[in-house]
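Since we're looking at a predicted model, the values are computed, not measured.
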Amino acid sequence: VQLQASGGGLVQAGGSLRLSCTASGSIFRVNGVGWYRQAPGKQRELVAHINIDDFTFYDDSVKGRFTVSRDNAKFTVYLQMNSLIPEDTGVYYCAANVEVDAGTKIYDANYWGQGTLVTVSS
């Protein structure tokens, strides 16, 4: 199983980006997925999360500006980021709990994507 994060780039303050996190491999189901941000010189922090029932969580710093959603048929979770500010700059990682279809059994495991860089200029 692999997670592929994409959609990062350079954007001016006030702009928007949509990140995607796609799981591939022998997947039975993707459960909870979190988006994490690691700003330069800082620890990685959780900014948004969505669970299998579409219950969402947002860090206070992104509430009202970011929206997390999922397309279960595509094993993909999105992070729509609007009204971006320079403080949103960082590498964004997705992490997912995945139920893996191993043929004779199904087991769950946690995976991380490789990260995608978001740079917001002032």
Side-chain angles (χ1 to χ4, degrees):
V1 173
Q2 290 188 328
L3 287 186
Q4 178 74 38
S6 62
L10 173 64
V11 64
Q12 288 189 331
S16 298
L17 285 173
R18 188 177 81 156
L19 306 184
S20 299
C21 175
T22 300
S24 61
S26 299
I27 300 167
F28 177 75
R29 181 165 54 202
V30 177
N31 294 322
V33 178
W35 282 100
Y36 294 76
R37 175 174 65 205
Q38 187 162 20
K42 295 188 177 181
Q43 289 189 332
R44 194 174 299 185
E45 61 179 354
L46 177 67
V47 296
H49 185 274
I50 185 167
N51 73 2
I52 190 65
D53 297 316
D54 285 340
F55 180 81
T56 57
F57 160 84
Y58 298 97
D59 184 77
D60 287 344
S61 65
V62 306
K63 275 182 184 175
R65 301 187 298 119
F66 289 12
T67 302
V68 60
S69 61
R70 61 191 299 154
D71 184 335
N72 291 328
K74 295 181 179 180
F75 299 133
T76 298
V77 170
Y78 304 99
L79 185 67
Q80 178 67 44
M81 307 187 296
N82 299 328
S83 302
L84 285 161
I85 59 178
E87 290 75 14
D88 294 321
T89 294
V91 179
Y92 283 71
Y93 299 88
C94 58
N97 179 263
V98 177
E99 293 182 46
V100 181
D101 184 350
T104 58
K105 65 176 181 178
I106 293 173
Y107 64 91
D108 70 288
N110 297 317
Y111 297 90
W112 283 88
Q114 85 286 2
T116 184
L117 177 63
V118 172
T119 304
V120 184
S121 63
S122 58

Between Thr76 and Thr22, do the side chains contain an N or O donor and an N or O acceptor separated by less than 3.5 Å? yes
Looking only at heavy atoms, the pair that brings Cys94 and Leu3 closest together is O-CD1, 3.9 Å
Output for pair (Asp71 CG, Ser20 OG), nearest 0.5 Å, gives 10.0 Å
(message) Looking at Arg44 and Tyr93, would you say the former's side chain and the latter's main chain have a donor-acceptor pair under 3.5 Å?
(response) no
Look only at the side chain of Asp53 and the backbone of Phe55, and say whether a donor-acceptor pair between them is shorter than 3.5 Å.
-> no
Worksheet item: Tell me, do Met81 and Asp88 make a side-chain contact under 4.5 Å, heavy atoms counted?
Response: no
Between Asn82 and Ser16 the two heavy atoms that sit nearest each other are OD1-OG, 2.9 Å
When rounded to the nearest 0.5 Å, the distance separating CZ of Arg70 from CG of Asn31 is 7.5 Å
**Asked** Should Leu19 and Leu84 be regarded as members of a common hydrophobic cluster, given that ILVMFWY residues are connected when their side-chain heavy atoms come within less than 4.5 Å of each other, either directly or indirectly?
**Response** yes
Residues Arg37 and Ser61: closest non-hydrogen pair is NH2-OG, 3.4 Å
Tyr58 side chain to Val68 backbone, donor-acceptor under 3.5 Å: yes
hydrophobic_cluster_shared for Trp35 and Val120, side chain cutoff 4.5 Å: yes
Checklist entry - More than 12 non-hydrogen atoms from neighbouring residues, nucleotides or ligands closer than 6.0 Å to CD on Glu45, yes or no? => result yes
| task | Using atom types as modelled and distance alone, determine if a side-chain donor or acceptor of Gln114 lies under 3.5 Å from a backbone N or O of Ala5. | result | yes
Val33 and Val77 have their tightest heavy-atom pair at CG2-CG2, 3.6 Å
Correct closest heavy-atom pair for Ala13 and Ser122 would be CB-CA, 4.4 Å
Original post:
Does the side chain of Asp59 come within less than 4.5 Å of Phe66's, by heavy atoms?
Top reply: no
Do Val11 and Leu79 land in one hydrophobic cluster if side-chain heavy atoms of ILVMFWY residues count as linked below 4.5 Å?
yes
Q) Side chains of Phe75 and Val1: does their closest heavy-atom pair fall under 4.5 Å? A) no
- Message: Quick check: is Tyr92 connected to Tyr111 through a chain of hydrophobic side chains (ILVMFWY, heavy atoms under 4.5 Å apart)?
- Response: yes
Rounding to 0.5 Å, atoms CG (Asn97) and CG (Asn110) come to a distance of 5.0 Å
Distance col, row Ser6:OG vs Arg18:CZ, nearest 0.5 angstrom, shows 9.0 Å
Open item on the list: Less than 4.5 Å apart, side chain to side chain, heavy atoms only: is that true for Asn72 and Arg29?
Closed with: no
message = If hydrophobic clusters are built from ILVMFWY residues whose side chains come within less than 4.5 Å, do Trp112 and Val47 share one?
response = no
